[in-house]
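In this text the structure is predicted, and so the values were computed from the model without any measurement.
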2 protein chains.
Amino acid sequence: MIYRVKGWHNHGMTTSAKPGPRERLLLAAQELTYTQGVGVGVDALLKAAGVARRSLYEHFGGKDGLIAEMLRRSTAEDEERYRATMAAAGDDPRVRLLAVVDRLGRIASDPDFPGCRYLAADLALSDRDHPAHEVTRAYRRTLHVLFADEFVALGHARPEFAADQLLILVDGLLAAGATRPGSEPAAASRELAEHIIDSGLGA
Amino acid sequence: MIYRVKGWHNHGMTTSAKPGPRERLLLAAQELTYTQGVGVGVDALLKAAGVARRSLYEHFGGKDGLIAEMLRRSTAEDEERYRATMAAAGDDPRVRLLAVVDRLGRIASDPDFPGCRYLAADLALSDRDHPAHEVTRAYRRTLHVLFADEFVALGHARPEFAADQLLILVDGLLAAGATRPGSEPAAASRELAEHIIDSGLGA
DNA sequence: ATTGAAGTAGACCAGTTGGTCTATCTCTCC
DNA sequence: GGAGAGATAGACCAACTGGTCTACTTCAAT
């Protein structure tokens, strides 16, 4: 998508002002890296954002900086989505966790689902010092805490262990969605999630 | 690793003849793509293989051909490793399947584990027509059958479903190993595998 | 010994990579 | 109505991309 001066659509909000170059770059990066991976070229990003070359280096110092910042924003949004999903599911931690798995199952079932962007970034960036890795690591730590808190609230016997299992399940679910279209991983994952939850509950 | 004319080490075998360019290219590609991803440059591959540029295009028609062929060989070797692991584990399908999960858990626990090469290739190659995708798809189908056969032998109520679950678990396990070093995903995965196996057994 | 296939070495190609730099334009604030 | 910040457009860069091509060597089979 090419962002244009006129007719800017900002997520259904009433404002119609076109966001600045920094914002447009982040949005373009979020979109392009999702479908084409972090390997997208700088030129493609600039063209999609409708931004001068110089702006990229002013705001982010380089491509790596843009990628890292875009991932930071993306993880924050995703974390919020997790929280919103759980909040909408009510107070029962069991229901809240299953709602998360169900939502991911729906995402992974989209035949055009390109895979988890964070895992893709980690696997694509073989340079272990790339700033993106720190962002994804922090995100996974956040998710782990998010899950573990629910398990604690549930009275689960091994909340950390169960959170580990749930993270493994989530990555596997998203991987299956990306690599085995038509395998319908949602049902298989939900049942595993139920086991993870119930396996640590007394009586 | 740079392959040299003299002192060729072929997996501990007694022969000391240096393999041809085709073989050296496949070995170099297997090694370099594992650590650096399928994005490695042609020059790096040629240099590592100690092979003339022309040989690549003679034998594989191009980089994509080499990647695809290298994946084909790699999947064949991995399939054989699965079979060998199961064979060494004896006759009980339960033990055989858990042996597979345990072995993958050991691989994923290596702090230098770079992640599943097939998932990495699928996520990195956004071109859906890239020949590599067909190879990885075939491999996953093979693994699914491999697992499902064991579940059938076990008398599992839903062998296909359980095989789906096991594939999800495997991908999640390998993803965790690559992205959450120190999280020790082997134990978490083994317990999930036990559940997958036992959940479909009568009595 | 000769021939021909296979391999090597490396020049060369157009296109692209991420990045720097200059010149111009546009806007806001004073 | 400046002045200055911020943005744009685009030239330019060296390095590298995958790929083609020519010239030379190596070696086995005739």
Which atom pairs link the protein and nucleotides 22-24 of chain C when you take only N or O atoms and keep those under 3.5 Å?
from: C:dT22; atom 1: O4; to: A:Arg54; atom 2: NH1; distance (Å): 3.4
from: C:dA23; atom 1: N6; to: A:Arg54; atom 2: NH1; distance (Å): 3.2

Under-4.0 Å side-chain N/O to phosphate OP1/OP2 contact, B:Ser55 with C:dT8: yes
Check: B:His156 side chain, B:Ala163 main-chain N or O, donor-acceptor pair, under 3.5 Å: no
Positions of residues 57-67 of chain B (non-hydrogen atom under 4.0 Å from DNA chain D), listed by number: B:Tyr57, B:Gly62, B:Lys63
Phosphate OP1/OP2 of C:dT17: any A:Arg53 side-chain N/O under 4.0 Å: no
Any side-chain donor near an acceptor of the partner, A:Ser55 and A:Arg22, under 3.5 Å: no
Option from A:Arg83, A:Arg96, A:Arg94 for which salt bridge (charged side-chain N to carboxylate O under 4.0 Å, His left out) with A:Glu150 holds: A:Arg96
Whole-Å gap separating C1' (D:dA11) and CG (A:Leu46): 15 Å
Min side-chain heavy-atom separation B:Leu146-B:Leu143 under 4.5 Å: yes
Nucleotide D:dT8, atom P - distance to CG of A:Leu45 in whole Å: 15 Å
Interatomic distance where CG belongs to A:Asp43 and C1' belongs to D:dC13 [whole Å]: 13 Å
Distance in angstrom units between B:Lys47 NZ and C:dG10 C1', rounded: 15 Å
Ring geometry between B:His195 and A:His195 (parallel below 30°, tilted from 30 to 60°, perpendicular above 60°): parallel
d(CD, A:Glu23; P, D:dA7) in whole Å: 13 Å
Spacing of A:Arg22 atom CZ relative to D:dG6 atom P, expressed in whole Å: 13 Å
Separation of D:dC21 C1' from B:Leu56 CG (nearest whole Å): 15 Å
Among B:His130, B:Arg137, B:Arg140, the one residue meeting side chain to side chain donor-acceptor pair (under 3.5 Å) with B:Asp122: B:Arg140
Euclidean distance, atom CD of residue A:Gln36 to atom P of C:dT17 [Å, nearest integer]: 10 Å
Over 12 foreign heavy atoms within 6.0 Å of CG, A:Asp127: yes
